[in-house]
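Data first, discussion second: the structure below is written as structure tokens.
Chain naming here is simple, since letters A, B, ... match the order of the sequence lines and numbering starts at 1 in each.
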Amino acid sequence: MKRKTISKGLTYLFIVLLGIALLFPILYMVMASFKTNNEIFGSTAILPERFTFEYYVKGWAGNGQFTYWTFFANTFTLVIPVVLLTVVSCTIVAYGFARFNFKSKNVLFTILLATLMLPNTVIIIPRYMLFNKFGWIDTYLPFYVPALLGCYPFFIYQMVQFMRSIPMDLDEAAYIDGCGTFRTLITILMPLLKPAMFSAGLLQFTWTYNNYFDTLIYINSASKYPVSLAMRMTLDAESVVEWGKVMAMACVVVLPLVILFFSAQKYFVEGITAGGVKG
Amino acid sequence: MQTTKERTGKRLSIPRDKQGFLYVLPWLIGFLILQLYPFITSLYYSFCDYSILSEARFIGFDNYVKLFTRDREFWPAMFATLRFTAMTVPGKLILALIVALLMNQKIRGINLIRTIYYIPSLFGGSVAVCALWKLMFNDKGVINAFLQSLGIPTLSWLGSPDIAMTTICLMEIWQFGSSMILFLAALKNVPQHLYEAAEIDGAGKIRTFFHITIPQISPIILFNLLMQLIQALQNFTSAMVITRGGPVKSTYVLGLKLYMDGFSNYKMGYASATSWIIFTVILFATLLLMRSSSAWVHYDDNGGN
């Protein structure tokens, strides 16, 4: 019995220590946002000498031409449609796969599963050239269109799995009542799919929000920068980096994710376990 | 009744099962235009001399030959990529598994712990976190300040070609949250009676772990391995933002080389060749894993998982 208590105690100790180590960088980020470079370098002090929002104000001002108001507005203009389009298109496509037996279904579903493992790297150059030809560079269309066309096999797969757990009897009953297939999806299945849709939306939100590579190649003008590119600009702007400012903006940029996570944790966990996740 | 029948008849002008195809159609269009076409085209481009301004000109294997024999960046980049993968994938998975195992014991506050441990993973490869890493691991940053106050010799975390890659990998490993959540879910699904049977048979903790726990969660281990591997071999952001591939190209991974060749120097054909090499490595690793899986991945007879 005693040994058990000790081992349990050690477990807790390990968990707490690891937790502190994991959260330390984030704590440090918040604290550094109040510090001058002199306070930051060569010092082990965690707490800043004073709490002023000076760096938040300075950082928010952006590059003088555009402020973080613009960058956040851009970010949400980019991310929110992507999330909505992804959720809607993936639900509709998943409905097709989960509920019907058309001729080429099995072949197509196998292809869908194969694309789960298709690395983005290998298609990015022709995709870029294609979007370039369409004149979509420096717009958000390279983000919207793949979302509209359900180019996120991961979410489709996840939604198919979820739909399969809903009894087909519900659909049958709706058909008997005279519902068409689309109305069956909207009125019967959608309400049940809400949690799965929400989970997929949350994951897509964080991925798109954090995505740096795609924004880097598709967006050129500062007026259209989302926060990922704006952060990079703040970091590179001056020869002597004012770190307080960079950390202040880093805090502001990650804040929406943290808020979202704490208000919808359950859905995050469900989204990840529903089929696995990258990242 | 009459109206219902009429309406049903009208709706069913296309047989119901065939309507399924219509729902799948958006994806099919997306697949053909945004996945299949680029996939094939990038293979073609990889055999071409192609910049954004000029038309693609077929040059056979020249790009590949140049990459393999004359490009001084290529082999170091390949090595850096493999090194990154070899450190982050096992690092992440082992840490995730250890934490999940600890949490799977009957301890209190699992939800809170899971929440806290997942927070770093929220930020993915975001620029904000890369900036933070750059600051903390600066030569005069907080990490070295701590080491100094403890009397431990400081390291040039991002300035030394030997250490910079490890520093970047630390950030990647720090974000083990999703793997942890997957492992935890898998561990919770291991039937309790198996553990009870093992205990009755007098199996120790270590034996139980290797003979019951690991086989039972092996499908999730495989899934995690595959996903992390595919992702790690394509890594870009941390190398780009934290070190820009330096110092002395020690963190110049293939993903970064692809970006530089393609989107900085507009050598699209050349970059496509690099992308196909990355793809081949991924494919090879995936096939190898899948092949090996029959030996170590355990699937329930009832098809669970």
Go through it in stages, so that I can follow the logic: the residues are Trp207(A) and Tyr152(A), the test is ring-ring contact (aromatic ring centres under 6.0 Å, His included), and I'd like the CA-CA distance, side-chain angles, deciding distance and then a yes or no. CA-CA 12 Å; Trp207(A) 292 348; Tyr152(A) 290 95; 8.0 Å; no
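There is no side-chain donor-acceptor pair under 3.5 Å between Tyr50(B) and Ser272(B). Looking at Trp133(B) and Thr167(B), their side chains never bring a donor and an acceptor atom within 3.5 Å of each other. A donor and an acceptor atom, one from each side chain of Ser179(B) and Gln228(B), are located under 3.5 Å apart. For Gln148(B) and Thr154(B), the side-chain atoms include no donor-acceptor pair closer than 3.5 Å. A donor and an acceptor atom, one from each side chain of Thr121(A) and Ser275(B), are nowhere located under 3.5 Å apart. A donor-acceptor contact closer than 3.5 angstrom links the side chains of Arg232(A) and Tyr212(A).
Looking at Ile113(B), the atoms closer than 4.5 Å to chain A (heavy atoms on both sides) all sit in the side chain, from C-beta outward. Of the atoms belonging to Thr41(B), heavy atoms from both backbone and side chain fall under 4.5 Å from chain A. For Val241(A), no part sits under 4.5 Å from any heavy atom of chain B, backbone or side chain. Contact of Ile278(B) with chain A is made through the side chain alone, with heavy-atom distances under 4.5 Å. The contact between Val122(A) and chain B is made by backbone and side chain atoms together, counting heavy-atom distances below 4.5 Å. Both the backbone and the side chain of Phe123(B) have a heavy atom closer than 4.5 Å to some heavy atom of chain A. For a residue to count as touching a neighbouring chain, one of its non-hydrogen atoms must lie under 4.5 Å from one of that chain's; by this rule Met249(A) does not touch chain B. When heavy atoms are compared at a cutoff of 4.5 Å, Phe39(B) approaches chain A by way of both its backbone and its side chain. Only the side chain of Ile282(B) comes within contact range of chain A, with at least one heavy atom under 4.5 Å from a heavy atom of that chain. Neither the backbone nor the side chain of Leu36(B) comes within contact range of chain A, judged by heavy atoms closer than 4.5 Å. The part of Asn138(B) that comes within reach of chain A is its side chain, from C-beta onward, which places non-hydrogen atoms under 4.5 angstrom from that chain. Within the 4.5 angstrom heavy-atom criterion, only side-chain atoms of Leu258(B), from C-beta onward, approach chain A. Proximity to chain B is limited to the side chain of Ile46(A), based on heavy atoms less than 4.5 angstrom apart. Neither the backbone nor the side chain of Tyr209(A) comes within contact range of chain B, judged by heavy atoms closer than 4.5 Å. Residue Arg108(B) touches chain A through both its backbone and its side chain, counting heavy-atom pairs closer than 4.5 Å. In this structure, the portions of Ile181(B) lying under 4.5 Å from any heavy atom of chain A include both its backbone and its side chain. Contact of Phe236(B) with chain A is made through the side chain alone, with heavy-atom distances under 4.5 Å.
Ring planes of Phe131(A) and Phe134(A): tilted class, angle from 30 to 60°.
With respect to chain A, the highest number of heavy-atom pairs below 4.5 Å among Glu172(B), Met240(B), Met103(B) belongs to Met240(B). Ranked by heavy-atom pairs shorter than 4.5 Å toward chain A, the options Ala185(B), Gly124(B), Gly109(B), Ala131(B) are led by Ala131(B). Most heavy-atom pairs under 4.5 Å with chain B, from the set Phe262(A), Phe268(A), Tyr128(A), Phe24(A): that is Tyr128(A). Of the listed residues Phe146(B), Trp174(B), Tyr44(B), Phe31(B), the one with more heavy-atom pairs under 4.5 angstrom with chain A than any other is Trp174(B). In terms of heavy-atom pairs under 4.5 Å with chain A, the best-connected choice from Trp27(B), Phe21(B), Tyr259(B) is Trp27(B).
The shortest distance between side-chain heavy atoms of Ser43(A) and Val142(B) does not fall below 4.5 Å. At least one side-chain heavy atom of Asn120(A) sits under 4.5 Å from a side-chain heavy atom of Ile123(A). Residues Leu101(B) and Phe183(B) have side chains not in contact (no heavy-atom distance under 4.5 Å, counting atoms from C-beta outward). Looking at heavy atoms from C-beta onward, Arg127(A) lies in side-chain contact with Pro146(A) at the 4.5 angstrom threshold.
Around atom NZ of Lys188(B), more than 12 heavy atoms belonging to other residues, nucleotides or ligands sit under 6.0 Å away.
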